[in-house]
Number of protein chains: 2
Amino acid sequence: MKRPTMKDVARVAGVSPMTVSRVVSGGAGVSPGTAARVGQAVRELGYQRNDNARHLRQKNPGTSTIGLVVDDLANPFYALMARSVEDEAHRRGYVVLVGSTNDEPRREREVIAAFTARRVDGLIIVPTIGGHGFLKRPMAAGTPVVCVDRPAEGLAVDTVTVDNRAAAERGVGHLLGHGHTRIGYLGDRFGIWTQQERYRGYLDALAAHGIAEDPDLVRHELRSHHEARAALAGLRALPEPPTALFSSNDLITMGVLDALDHPAPVAIVGFDDLPLADRLDPPLTVVSQDPVALGSAAADLLFARIGGDRSAPRSVILLTRFVVRGSGGFRTR
Amino acid sequence: MKRPTMKDVARVAGVSPMTVSRVVSGGAGVSPGTAARVGQAVRELGYQRNDNARHLRQKNPGTSTIGLVVDDLANPFYALMARSVEDEAHRRGYVVLVGSTNDEPRREREVIAAFTARRVDGLIIVPTIGGHGFLKRPMAAGTPVVCVDRPAEGLAVDTVTVDNRAAAERGVGHLLGHGHTRIGYLGDRFGIWTQQERYRGYLDALAAHGIAEDPDLVRHELRSHHEARAALAGLRALPEPPTALFSSNDLITMGVLDALDHPAPVAIVGFDDLPLADRLDPPLTVVSQDPVALGSAAADLLFARIGGDRSAPRSVILLTRFVVRGSGGFRTR
DNA sequence: GTGAAAGCGCTAACAT
DNA sequence: ATGTTAGCGCTTTCAC
């Protein structure tokens, strides 16, 4: 049982395909009588217009589809962001193609190529570490791009980020204010922009308190829960172990918590909030981002571009919240 | 700067559009020389084939796009599922349109209509409470549908669920085994199939231990963290309050935990695992589902259908894991 | 108010 | 190995 086309509807209703087209598109300039007959035929056949064919011919360009490309859709942070983008799209009658990159430039290219081949009207991306020259073509052809969470190096597009550096400085400053002087830093891949920024914030805070950086206390490139645990073990085995830790994302924080006794024998401040963070012992002090705000800001920028905005690229920096719950204090080991 | 078409590439390469088509589609039956010239022109113009036009004409049907419709993409459970579906799709060269329903039948219809208008090759849906007769048409037209997490009433399609009822019975049985006889039940909207099943499991367990249901201990329709807290307050204000609680999903569990002292003065078993559940005091005992397995099972079924499988609809029931961590024991209040 | 013709960008089915 | 013709399902344009 093949799908009916306008021709089929036209035959049943006894009109021309053009009249069906008019009715299906709102019915302007069609007499109520024929409109009713066409509507009847549509219902009878279960006709639904093929939007791909429609968008192909329609002079008013656009597929009412946007693409969202994140690092990992399973990460609650990006999931919240995705939902927020989807809501904004739905409100405007758009649908969203979604893809994860795993932070692999190759998969990012594949996903974006698949999206632009389907002629999405715009892209919201969390760029990977790799270069993004391949975006120049679709952008020149009129597909706007917005970066969110981190900028794409060398790509002049609207970008929505948070104040990573200042927020990290604030968090580490909190630890310093509690008297900690040996503060461990646990970070994800250093190639990721947010991680560089947060590390800079860590250094800023140390410098502001006149404390020299101790490279022994710094671990980058922690890609998993497991690697975070291992790194922590290394820090605690030091002759002079840290009395406090700054954890640079939620995955690392979870790894750290899992490796520690209960109650945690080290002060901790984490970047990114966790669901039950306030029920831990002690309750976890964190830098909290708002992924919903990130997503809706990115969507607003994108739809403005789709709407014809040709102004210079904007950079939106959203503020984090510093949530003090107790885990930043001093404790004995 | 408009997008180049095959015609443009053909002109630059000095060949016919058909030759360009052949090259772009793999280059079978084209001499290496012309293929090179065409490739050169493609690069020069930044040409990318329009897949919408391609799929329109191509006799081999299909848009290499599937639709995924979940309750709420921001819910970590569905986010994990979505990522799993996306991975399966990506592996097969498909992209995925994603939408949230918020459990509103109207939004579900809108989203699915938008997807079928774009001629997705298949749909994976977490059906809302409403009827699903509107799916009959696209199904008859050849768009396969797979339900996941819960079945769609009256719709004979492949369905992937977990053993909700038995798992809930197991969880409540665990509480009974610890000597609890007054066990509170906290559930989400009773119209949702999983909630009915879990409640039945609760009753099964009580019956197996010869305990009569006490309606005072049962609260359904808890739609939020806040409502869960309020319901719990009601239970604890009872003349004979429950000594144990069975919480029917993660949102409710979080509400309950937030409302309780620390350490929790009531035994708790929750349906769905939570990230830091093992770091709570006491560590939370839960029924744990595997959203990744749900997603990949659904995707496998869908792609089998897309591949031409016309066999009778299958029902796949995945098993949950019961994770005993300690919160199910007896304690004083 | 309605329809006929043309064409969006591409490929199937024939040519040559 | 390459080109021509026709047409996917729809809308634009221009007739009536």
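Per chain, numbering begins at 1; letters A, B, ... match sequence-line order.
A salt bridge does not link B/Glu44 to A/Arg137: none of the charged side-chain nitrogens sits closer than 4.0 Å to a carboxylate oxygen.
Looking only at atom types and distance, the side chain of A/Glu104 has no donor-acceptor partner in the side chain of A/Thr128 under 3.5 Å away. Judged by distance alone, the side chains of A/Thr65 and B/Arg118 do bring a donor and an acceptor atom under 3.5 Å apart. When only modelled atom types and interatomic distance are considered, B/Ser296 and B/Glu88 share no side-chain donor-acceptor pair under 3.5 Å. Counted by atom type alone, B/Ser311 and B/Asp309 present one or more donor-acceptor pairs between their side chains at under 3.5 Å. Side-chain contact check for A/Thr143 and B/Arg3: at least one donor-acceptor pair (N or O, by modelled atom type) lies under 3.5 Å.
Direction of the helix axis in the helix from C/dG1-D/dC16 to C/dT16-D/dA1 shifts by 40° between the two five-pair termini, rounded to 10°.
The residue from B/Arg314, B/Arg92, B/Arg305 that alone fulfils the salt bridge (Lys or Arg N to Asp or Glu O under 4.0 Å) condition with B/Asp300 is B/Arg92. A side chain to side chain contact (heavy atoms under 4.5 Å, CB included) with B/Tyr47 is found for exactly one of B/Val42, B/Val38, B/Asp8, namely B/Val42.
Taking the 5' to 3' direction, DNA chain C first and last meets chain A under 4.0 angstrom from a heavy atom at C/dG1 to C/dG9. Of all nucleotides in DNA chain D, those with any atom nearer than 4.0 Å to a heavy atom of chain A start and finish, going 5' to 3', at D/dG9 to D/dT12.
Annotation for A/Arg189: atom CZ counts as buried by contact number, over 12 foreign heavy atoms lying within 6.0 Å. At most 12 heavy atoms of other shown residues, nucleotides or ligands fall within 6.0 angstrom of atom CD in B/Glu153.
Sorted by first and then second residue, the side-chain hydrogen bond (donor to acceptor under 3.5 Å, both in side chains) pairs involving residues 23-38 of chain B (not counting sequence neighbours) are B/Ser25-B/Arg49, B/Ser31-B/Thr34. Within the structure, every pair that satisfies the salt bridge (charged side-chain N to carboxylate O under 4.0 Å, His left out) test and touches residues 74-83 of chain B, not counting sequence neighbours, is listed here: A/Asp72-B/Arg83, B/Arg83-B/Asp87.
Nearer the 5' end of DNA chain C, as judged by each residue's closest nucleotide, is the contact made by A/Gln58, out of B/Val20 and A/Gln58. Of the two residues near DNA chain D, B/Leu56 and A/Ser25, the one whose nearest nucleotide lies more 5' is B/Leu56.
Residues from residues 6-14 of chain B that place a heavy atom under 4.0 Å from any atom of DNA chain C, listed by number: B/Met6.
Within the nucleic acid shown, B/Arg49 comes within 4.0 Å of sugar-phosphate atoms alone, with no base atom in reach, counting heavy atoms only.
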Full working for side chain to side chain contact (heavy atoms under 4.5 Å, CB included) between B/Thr116 and B/Leu123
CA-CA 9 Å; B/Thr116 55; B/Leu123 286 166; 4.1 Å; yes
